[in-house]
Amino acid sequence: MSAHASTVDPKKAELWDTHHHSHDVISTRTLGYFLYLLSDGMLFATLFAAYGVLSYQHSYFGGPTPAEFVKPWYTFAQTIALFLSVLAYGFGMNALKHKNKSGLINGMLAAFVLGVVFLVLDIHDMSHLYSMGITIASSGGMSAFMVLTQVHATHIFFGLIWILVMIAQVMTKGFTEETVGRLLTLRMFWHLQAVIWVFVYIFVYLWGYIS
Amino acid sequence: MLVDLPGGWSPLLGRLAWSQIPYANPILAPLFVAVVIGAIILLGLITYYGKWTYLWKEWLTTVDHKKLGVMYIIIGLVMLFRGFIDGLMIRTQQVWAVGPHSTGVFGSLHGYLTPFHFGQVYSAHGLIMILLAATPLLVGFMNIIVPIQVGARDMAYPYLNALGLWITAAAAALIMISLFVGDFAHNGWFEYAPIFELQYSPGVGVDYWIWTLQLVALGTTLGGINILATVIKMRAPGMTWGKLPIFVWASLSANVIALTSFPALQVALALVAADRYLGAHFFTAGMGGNLMLYTNLFWIWGHPEVYFVILPAFGMMSEIFPTFSEKPLFGYITMVLASMAIAGVSWLVWLHHFFTMGAGPYVNTAFSVATMLVGIPTGVKVFNWAFTMYRGRLTFNAAMLWAIGALFLLLIGGMTGMMLAIPAINYMVHNSVFVVAHFHSMLLVIVYAIFGSVLYWFPKVFGFKLDEFWAKTMFWLFSAGTALVFVPMYMLGFMGMTRRLEYVFNTSWQSYLDVMELGIVVYTLSVLAFFILLYVSIRDHAKNRVGADAWGTSRSLEWMTHSPVPFYNFAVLPHVNERDELAWRRQHGIDQVRPAHYDDIHMPNNTGVAIIMGGLTFVLGFALTWRIWWLCIVSLLAIILLMIIRSFKGDPGYIITGAELQRMEEEAYRREAQIADSHHSHPVSGGVVGNAMAYQRNDSSK
Amino acid sequence: MEIKWRNWLKNGWRAVALAPVLLLSGCAGNTYWIFDPKGIMAKTNLFYMIVDVVIMGAIVGLTALLVVWFMWRYKKGKNRGKYDPHWSHSNTIEVFVWGIPIIAVGFLSYFAVKGTFEINPYNPTVITHHMKPNGDPVEVDVIATDWQWLFVYPQYHMAVANELVLPVHTPVFFRLTSSAVTTTFFIPQLVGMIDVMPGMRTKNALMSDHVGEYQGIASDFAGAGTSWMTFKTKMVSAGDFSQWVQQVQKAPGSMTYASFNRFAQPYIDVHHHVVYFSAVEPGLFDHVMAEVMRGKTWPLPPMMTENMVEYMQKQAAEHRD
Ligand code: HEM
Ligand SMILES: [Cu+2]
Ligand SMILES: [Cu+2]
């Protein structure tokens, strides 16, 4: 018995690709970037797991716990800044649909400024903790807290650089296949960071504040 | 300085100081001199023959997936050799340092390596073999074969592909330089908590380990993304999922594992780095740290990783068996399902690496049963290969011998794996040389599959076959070495010998260690046979030239294009009608049909950015290891800047016109006809791997 | 010339295949510790190993034979078996191919679960279910340092370094911890491995009916001194045991946390010093664990990791006799 009887007639079969079809550059690029984001998501999942293991009472080792220093309203302001930034980016992408270059750049600039606000708030928060003597070396629990939040902040930092680069590229090159592809992947990146921030906000800040 | 470092530190050189160069070490100093002399000779030869431009244009800046693959394989083979030397050193120490009355030299109480040096050797051995020999070798083959087998002209992202290669090269360079500058880690390839903490490993060894692994992880992730996207997006018209060659399926499942599991390793390493560099308390015994977290994180990556390396090897075997059995693979669907099942279940078994850590019996049994479930699809694969041979017409050439050897080793490794999977047995042999023998059986499956593949695909890449006699000689010597080393090792496991002993406290193990030493000598002969194999084959290459379908019984697309494969792979992409397209065409006598006309095609340009990035990541890794902060910042900035510049410039690629293509194709067909005519006529030109630059030079001279 | 080579290779290969057999018979005097258990825990482990090897061995062996038979029968040019260039599927075979491993794993799973409970280090039913009501279990607190073993006998308020002496026919319960780094406690002929971790407590148990001396090993790598971190385990009769206890209790040394702190300094125990301590600070085990959890470490000087040559020479001068 044979695996699968030949279904194609070899005499009539098409042997070579005659209708020259080009690959869709943008969708290939976004797929690859999606795959990268998948691994980035796994990275955060692992960090969350580590945080989960290291957020028991004894992980703080009698030292400060998030409940003692987290100010939910402060972090809520960060949340708002980041979400507005994503929204602004969305407006920019809407302008892209209408081939509106200045609209896109305005949206990107707004997204950039709001991202900077987020980051400045984060840095201020960290230096405040530092001034209280709370550092990554305070305890296992604090190590996990710091690394999780600051790895996210680092992502935001690189995202901001990327936004600047894209503003410059759109200004100099306009909407080419390359720049549009990058704008799309940057949007995916920016959205993922916002989504991850929601988890950070809920599981690290709010949950830490409550417990 | 963020943590209290034992020893000095200066802003300019970090922890680097003259005392870190082991110029007084009786083993390393002569080796260093030899390496320097060798390097000078090599560089001199390249200069003498004026090959720098060729090297730069054809290899160092290439984005051609075949050349990148060849370079991956070269890195893999070089590191395999280094790892082998480490293995030889381990065996020699253990055969020497047995019992209280054994002698010691070079300052060691017993044998010739101090405990610390011995620890470095076996740590480097393990890390190199798994991550810098097996992985690059497999990635290299995936790089070369997958795009051709799916009928594409290149990978989805040629530049990213080059970047992955050069980052891997940077990792290899970093671990090599640890030989001569400072030390490597000495606590095993997977390290332990909390011995890797600064208090217990004050040197730079663990730091070398961290950054080498981080670079490997980065390179492998980039490679994984590329392969997945290539398979998803770049398949030739007509190639539905059900027609995908089995090696492609294997690569796909392996890279799904890689992409999802390597982040766990990256996090584990980053947290170790946080402990060592910033004084964090992730894995410390006190201050609220949790050292078992490290073990879990590591093996959450570690177990999927071992399947990441074995699945492509399974894929290779699944290509070799049908070709030399002259019939289709038995149970294609089952094979695909089994690969996917292995990939899936490999996520749920990590705890079997530390049953002895004292988790409760419920947890242990859950992981025990999950582990044994992996044995099911693995067993299915073995049966399917057996039934591929059933009713076949078997040719036992060297490639097939390696594949069959791999099958038998898989039986042994699977059997011992199933033993280790049961906690009641594991408690007795965990951390013993029995485990070492188990995973060497398994990793040797990979090595056998790789050597089989080298023989099988060599003619495709280089246009001529390797010498059968020396290939078989090497196979038999290698197998004799395997038996002599690993049979006694299993026996020692049953005798209770634990692993990583710098000094062997039980004299009654001596005779077994002697036999293993003999085995290593036989292995050395097989390495010699490999060099002779290369020499003889290259010497006689004109005699052994082959056409497109080198073996005459292969089944998949790569055998439809010329050997060596032209840089554009296919002048016209094939339209796929059947699962084993070439076999089907051959059967119906249409395998010689050529495309009727040629269209223009678009190819990516070469770029020097990738290799510069590789160099910069090496500098970054080195600077981090030695805590030279200014250099870290400079190299990091340079990397970011380079990325931005590259993104501004982009790559428009270039066009090859249909007429030009036709000219090259006709030339290739003419050459093939010549080979068919006679093997003794004037040697044909064409060098290794169809040369893109040669083409462009022709073009401009026209 | 080539022919000769080939013959030589073939014969060589035969010799190689024979070598292991010769080894087995030639060195029969050696003890296969795992095959020669002297305690009920190790015995139970061996039982499961045999079960597993029988089931898996049958399948693996038959498969190997099948492959060899196919290799022989379908060799090209011999025309022993029919060549069918298209045959690549059979539902019957598929059922067997999946069915056999599934059934085997099913069987093995049953034994895996059963065995794990029987030798569960925290509550090994092979020991606890057979405990005689009057059997007075011996308790031992094991503290691993870099690179020595301290065995505390809380019932007798005494401790011994680098030697374990236990009575036969009596359940022995261990609590284990480590001062500096992780290692594993293993006595091949008596009891399987259990990890020993700083700041944490694990447990294990053993029982033996055989008087004798058995090798104990630190089986997980713990740094430079691991290879020498071995200890002898002496199973003795009840009478000998109480005599030995009296002897230890007469020893001059005592073990407080302060002296433990000195004892735990990194030290490669090349000559296996056995030291008796007649008095032990009560709760030493918990004290050590608590200190470690509070962040206490016993750092290694770079000289004991980076450049061991110096240290080893010092050791050699001290110890070689
Ligand atoms: C039938 C499938 C397999 C089973 C049931 C199995 C089972 C196990 C178990 C239970 C262990 C832990 C042993 C211990 O430390 O006590 C182990 C270790 C190991 N296995 Fe496997 N295994 C299988 C296949 C593989 C494959 C395919 C590979 C890779 C090529 C592999 C490589 C390893 C390695 C590298 C280790 C030990 C790493 C170390 O401790 O250094 N195994 N295996
Ligand atoms: Cu090895
Ligand atoms: Cu595993």
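The shown structure was predicted, so the numbers you read here are calculated from the model rather than taken from an experiment.
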For this session: Check whether B:Phe196 gets within reach of chain C through its side chain, its backbone, both or neither, counting any heavy atom under 4.5 Å.
Result: neither

For this session: Evaluate whether atom CE of C:Met200 has more than 12 neighbouring non-hydrogen atoms of other residues, nucleotides or ligands under 6.0 angstrom away.
Result: yes

Exercise. Which bit of B:Ile404 comes within less than 4.5 Å of chain C, counting heavy atoms only: side chain, backbone, both or neither?
Worked result: side chain

Exercise. Does any heavy atom of chain C fall under 4.5 Å from the side chain of B:Ser325, the backbone, both, or neither of them?
Worked result: backbone

For this session: Pick one of side chain, backbone, both or neither for B:Leu518, based on which atoms fall under 4.5 Å of a heavy atom in chain C.
Result: neither

Seminar exercise, completed: In terms of heavy-atom pairs under 4.5 Å with chain B, the winner among C:Val191, C:Ile93, C:Asn204, C:Thr202 is C:Ile93

Exercise. In terms of heavy-atom proximity below 4.5 Å to chain B, should C:Met56 be classed as side chain, backbone, both, or neither?
Worked result: both

For this session: Let me know if B:Asn506 has heavy atoms under 4.5 Å from chain C in its side chain, its backbone, both or neither.
Result: side chain

Exercise. Non-hydrogen atoms of chain C under 4.5 Å away: do they reach the side chain of B:Phe396, the backbone, both or neither?
Worked result: side chain

Exercise. Who among C:Tyr48, C:Phe35, C:Phe70, C:Trp69 has the most heavy-atom pairs with chain B under 4.5 Å?
Worked result: C:Phe70

Problem set entry | chain C contact via B:Tyr390 - side chain, backbone, both or neither, heavy atoms under 4.5 Å | both

Exercise. Is it the backbone or the side chain of C:Asn45 that comes under 4.5 Å from a heavy atom of chain B, or both, or neither?
Worked result: both

Problem set entry | Option that, when pairs with chain B are counted at under 4.5 Å, heavy atom only, ranks first among C:Pro37, C:Ser109, C:Gly199 | C:Ser109

Exercise. Should the pair B:Arg391 and C:Tyr74 be classed as cation-pi, given the thresholds of under 6.0 Å to the six-membered ring centre and 45° from the axis?
Worked result: no

Problem set entry | Pairs of heavy atoms under 4.5 Å with chain B: top-ranked of C:Gly81, C:Ser178, C:Pro85 | C:Pro85

Seminar exercise, completed: Counting heavy-atom pairs under 4.5 Å with chain C, the top scorer among B:Met357, B:Met287, B:Arg500, B:Met389 is B:Met357

For this session: State whether a side-chain donor-acceptor pair under 3.5 Å links B:Thr356 with C:Asp195.
Result: yes

For this session: Could you tell me which portion of C:Tyr122 (side chain, backbone, both or neither) has an atom closer than 4.5 angstrom to a non-hydrogen atom of chain B?
Result: side chain

For this session: Select, from C:Val196, C:Asp146, C:Thr230, C:Leu66, the one with the greatest count of heavy-atom pairs under 4.5 Å involving chain B.
Result: C:Thr230

For this session: Sort C:Thr44 into side chain, backbone, both or neither according to what part of it lies under 4.5 angstrom from a heavy atom of chain B.
Result: neither

Exercise. Hey, does C:Phe117 have a side-chain heavy atom less than 4.5 Å from the side chain of B:Tyr362?
Worked result: yes

Problem set entry | Which of B:Ile376, B:Val504, B:Ile412 touches chain C most, by non-hydrogen pairs under 4.5 Å | B:Ile376

Problem set entry | Heavy-atom contacts under 4.5 Å, residues 214-223 of chain C to chain B | C:Gln215, C:Ile217, C:Ser219, C:Asp220, C:Phe221, C:Ala222, C:Gly223

Exercise. Ion pair present between C:Lys296 and C:Glu291, side-chain N to carboxylate O less than 4.0 angstrom?
Worked result: no

Problem set entry | chain C interface, residue from B:Asn187, B:Thr498, B:Val380, B:Leu411 that has the most non-hydrogen pairs under 4.5 Å | B:Val380

Problem set entry | Residue part contacting chain C, namely of B:Thr334, when any heavy atom lies under 4.5 Å | both

Problem set entry | Heavy-atom proximity to chain B below 4.5 Å, by part of C:Thr226 | neither

Exercise. Listed by chain and number, what are the ring pair (Phe, Tyr, Trp, His ring centres under 6.0 Å) partners of B:Tyr200, not counting sequence neighbours?
Worked result: none

Exercise. Within a reach of under 6.0 Å around CZ of C:Phe107, are more than 12 heavy atoms found that belong to other residues, nucleotides or ligands?
Worked result: no

Problem set entry | Contact class of C:Val53 relative to chain B, heavy atoms under 4.5 angstrom | both

Problem set entry | Side chain / backbone / both / neither for B:Phe408 at chain C, heavy atoms under 4.5 Å | side chain

Exercise. Given that the side chain runs from C-beta out, which part of B:Tyr192 has a heavy atom under 4.5 Å from chain C: side chain, backbone, both or neither?
Worked result: side chain

Exercise. For C:Phe186, is it the side chain, the backbone, both, or neither that has a heavy atom closer than 4.5 Å to a heavy atom of chain B?
Worked result: side chain

Exercise. Tell me, side chain or backbone of C:Met71 under 4.5 Å from chain B's heavy atoms, or both, or neither?
Worked result: both

Problem set entry | Contact origin within C:Asn79 toward chain B - heavy atom pairs under 4.5 Å | neither

Exercise. Checking B:Leu329 against chain C: side chain, backbone, both or neither under 4.5 Å from a heavy atom?
Worked result: backbone

Problem set entry | Heavy-atom contact with chain C under 4.5 Å, split by part of B:Ala97 | neither

Exercise. Checking heavy atoms, do the side chain of C:Ile119, its backbone, both or neither come under 4.5 Å from chain B?
Worked result: both

